[in-house]
Structures are given as C-alpha cells and as structure tokens.
2 protein chains.
Amino acid sequence: MSRNLKEFAVLKDHLGKHQLKLTRQRERILALFLKTEHVTAEHMYRSLSKRDPHIGLATIYRTLNLFCDAGLAQARHFGAQTQYDNVSHKRHHDHLICTTCGKIVEFENCEIERLQEEVAAKHGFVIQTHKLELYGLCSRCQR
Amino acid sequence: MSRNLKEFAVLKDHLGKHQLKLTRQRERILALFLKTEHVTAEHMYRSLSKRDPHIGLATIYRTLNLFCDAGLAQARHFGAQTQYDNVSHKRHHDHLICTTCGKIVEFENCEIERLQEEVAAKHGFVIQTHKLELYGLCSRCQR
DNA sequence: TGGTTTTTAATACTCAATATCAATTTCTGG
DNA sequence: CCAGAAATTGATATTGAGTATTAAAAACCA
C-alpha cells in the first residue's frame, strides 16, 4: 500500500484543485484500480461488490472518469466496452494487440512520436494526445 | 456510376466466396456508401428512408459490417457512435482529428509504418492492421 | 459541532447495436 | 424457366454500456 502513496497524492491534489471531496468509495476504487493494468467499469463493479455490496455502478463510472481527469487513468475503446488503463506509474505508451488471444503488449517508440509531431506540424495541428494500436498475431498464435 | 464498377466487383467477389447473396438493398446501400467519406448507420438510415421507406435499420448495420468484411469499409469508434469509413478507393491511411471542431485530416507516412513493423517484430508479432489517431487542435481552433 | 456542499446509491432512462423470426427474395440445378 | 433450398429482409424486442435524477448520506470548513 505504501507504494501507492504517490497515486493517492495525485488524486488528493486533483480533488483539492477542483473543490471535490475525498470519499471512502474513491479511496477503495483507486486502491483496486492501482492493482490492475486495465479494467472495465463492469469488471470493477463485480470485484468491489463482493466486499461492498452497496457500491453503485454509476459511482464506478464517475470515479474512473475522475481518474482520467486527474491523469491516473486513460480510457480506451476496445470492442463495445471502454477499458480504463492504469497509467499512473508509467509513461505514455502504445499497444500491440493479438487479434486471436487478446494479449496486449505495451511499447513506446520515440522515433514514431517524433514523426507524429512532424506530420501534425505539416497540417498545422498541435497534438494533444494520440492513440496507436497495432493489431496482429502474437508469436504463440502464429503457429 | 460506372466509376463504382470496381467496388461492386469487390462486393460480388466477397459474396460469392461466402455463400452470400446480392440483394437490391445491398446494392443501394453500397451505391450511397460510395458517395461518402465516412458515415454512421443512423445517417445512412435517414438518407435511404426517403426513397425506400421500408428499409430496416438492422439491414444497414448488417450491410455496413459486411462491407467491413469485404474490405470496402472500416469501422471507427468516435464518441458514442461508430463511423464507417469508405476505404474502397484509397490506400491505408491514418487520421488527424481536431478535438474542438471534429475536423479530420487523412495522412499516410511510410516511415511510421516501417517503424511499426520493426516494433512488432521485436515482440514477435505479425501485424495484420493498425490504427493511428492523432488528437489535437487544428490551425483554426488554436486561436 | 453545525451547516453548506458534494457525493452516493438506487433506479430510471437513453441510445447504439444486435437478436429474433415470420415473410420474402435470391440463387441453383434440373 | 421453375421449384425448392438457403439466405435476407424488416419489424420489433432486447441487450448492454453509460448517463441523468434525486433523496439521503457523507465530507469538509469555520
């Protein structure tokens, strides 16, 4: 738990700056969220319901969106659902996704990022964020 | 209309290979689809309903997904809806998207594609497809 | 601690997309 | 060209993710 002090500080800082309050639910949701790489709201709902049967699904959604605002999470549409990625402890990265088994590998590549800036500048854009997803077959699924 | 012979051939080829049938609805939906860059199913439904009041919304969805299978269209989640991009007449490309006005600029960059292959190979993946979206402010919205 | 403000939980609701299924259309092979 | 098998359509019901509502509860601040 002590490892997560930094992330809780980030949350508190964000709450303080936006006249928001620290609640038991927000603490619990963050504690669970930090244990995962990426989750859906439904998945968190099922997990949290075991210990806290009265937790509301809407609260999960609200809180995960709050985490996005605070920079702790990042939403990503995958299929019909929204995956919330834990980005609190890592730098920006992109995804390699296996179309057969669903395996996800994270990567980052400065050279690609630099070229993105180049492309954007050529069209007069200023990049705020980006999404790069490579879909294919992982080594196991190629056989 | 003669310009679209190639796309109709692609559709017929796909239908033939999958024991599917060529119907009046599929022809009409393709004819309209080829006139656009990107549409939603709802938007097509409203357009087609004017001439063909009995067209079913489910048919639009089914057919657009069929176009995706045939390689004529490509689905893209944007906000709450799914945009179907017309990719029949163009090479693969990626998107620059303005987060303020929604303007979309298409681009392609061989250098980025090459680096993607490199990254994938490093992780043992074989790429089937990819999605790269750069979000930011267009020149007009920067002011 | 009391009072103001925010948050929660339960539920209703919205809306995109899919499932169902009887009636219709397309295609195939004789 | 026609009949029968197979696929498709259209109308509607249903699903399911995510949001809106609101009374009650919790958090915060002086």
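Throughout, a chain's letter reflects where its sequence line sits, starting with A, and its residues are numbered from 1. The shown structure was predicted, so the numbers you read here are calculated from the model rather than taken from an experiment.
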Task: B/D52 side-chain N/O to B/L48 backbone N/O, donor-acceptor pair under 3.5 Å - done: no

TODO: Assign A/A58 to base, sugar-phosphate, or nothing according to its heavy-atom contacts below 4.0 angstrom with the strands shown.
DONE: base

Task: d(CD, B/E27; C1', C/dT25) in whole Å - done: 13 Å

- [ ] Rounded off to whole Å, could you give me the CD1-to-P distance for the A/I60 and C/dA9 pair?
- [x] 8 Å

Open item on the list: When you measure from the side chain of B/H43 to the backbone of B/V39, do you find a donor-acceptor pair of N or O atoms at a distance under 3.5 Å?
Closed with: no

Open item on the list: Using whole Å, what does the distance between atom C1' of nucleotide D/dG16 and atom NE2 of A/H77 come to?
Closed with: 15 Å

Open item on the list: Under 4.0 Å, counting only non-hydrogen atoms across every strand here, what does A/L22 touch: a base, just sugar-phosphate, or nothing?
Closed with: sugar-phosphate

Task: Rounded interatomic separation in angstrom, taking CG from A/L64 and P from D/dA17 - done: 14 Å

- [ ] Write down the distance between CG (A/L66) and P (D/dG18), rounded to a whole number of angstrom.
- [x] 17 Å

TODO: Look at B/Q19 and C/dC27 and indicate whether a side-chain polar atom (N or O) is within less than 4.0 Å of OP1 or OP2.
DONE: no

Open item on the list: Would the base of D/dA27 count as contacting A/K21 through its side chain, where contact means a donor and an acceptor less than 3.5 Å apart?
Closed with: yes

Open item on the list: Whether A/R26 contacts C/dT7 is assessed here as follows: a side-chain N or O lying under 4.0 Å from the phosphate OP1 or OP2. Is that the case?
Closed with: yes

Task: Other cluster members, A/I127 - Ile/Leu/Val/Met/Phe/Trp/Tyr, side-chain contacts below 4.5 Å - done: A/L96, A/V105, A/F107, A/I112, A/L115, A/V119, A/F125, A/L132, A/L134, B/L96, B/V105, B/F107, B/I112, B/L115, B/V119, B/F125, B/I127, B/L132, B/L134

Task: Short side-chain N/O contact from B/N65 to OP1 or OP2 of C/dT18, under 4.0 Å - done: yes

Task: Side chain B/R62 and base D/dG10 donor-acceptor under 3.5 Å - done: yes

Open item on the list: Could you check whether A/K122 pairs with A/E118 (Lys NZ or Arg NE/NH1/NH2 to Asp/Glu carboxylate O, under 4.0 Å)?
Closed with: no

Open item on the list: Any side-chain N or O of B/T59 below 4.0 angstrom from OP1/OP2 of D/dG10?
Closed with: yes

Open item on the list: Nearest whole Å is fine: how far is C/dT26 P from B/R28 CZ?
Closed with: 11 Å

Task: Interatomic distance where CD belongs to A/E42 and P belongs to D/dT19 [whole Å] - done: 12 Å

Task: Check: B/Y84 ring centroid to B/F33 ring centroid under 6.0 Å - done: no

- [ ] Check whether any side-chain N or O of A/T82 sits under 4.0 Å from OP1 or OP2 of D/dG18, and answer yes or no.
- [x] yes

- [ ] Just call it for A/L57: base, sugar-phosphate, or nothing, with non-hydrogen atoms closer than 4.0 Å on any strand.
- [x] nothing

Open item on the list: Is the phosphate of D/dG18 approached by A/Y61 (side-chain N or O, under 4.0 Å from OP1 or OP2)?
Closed with: yes

TODO: Would you indicate which nucleotide in D/dG10, C/dT8, D/dA11 comes nearest to any side-chain atom of B/H54?
DONE: D/dA11

- [ ] Each residue besides A/V126 in its hydrophobic cluster should be listed here, by chain and number; the cluster joins Ile, Leu, Val, Met, Phe, Trp and Tyr at side-chain heavy-atom distances under 4.5 Å.
- [x] none

Open item on the list: If you only use heavy atoms from C-beta on, which nucleotide in D/dT19, D/dT8, D/dA27 is closest to the side chain of A/R24?
Closed with: D/dA27

- [ ] Let me know the distance between CG of B/D69 and C1' of D/dT8, rounded to the nearest Å.
- [x] 16 Å

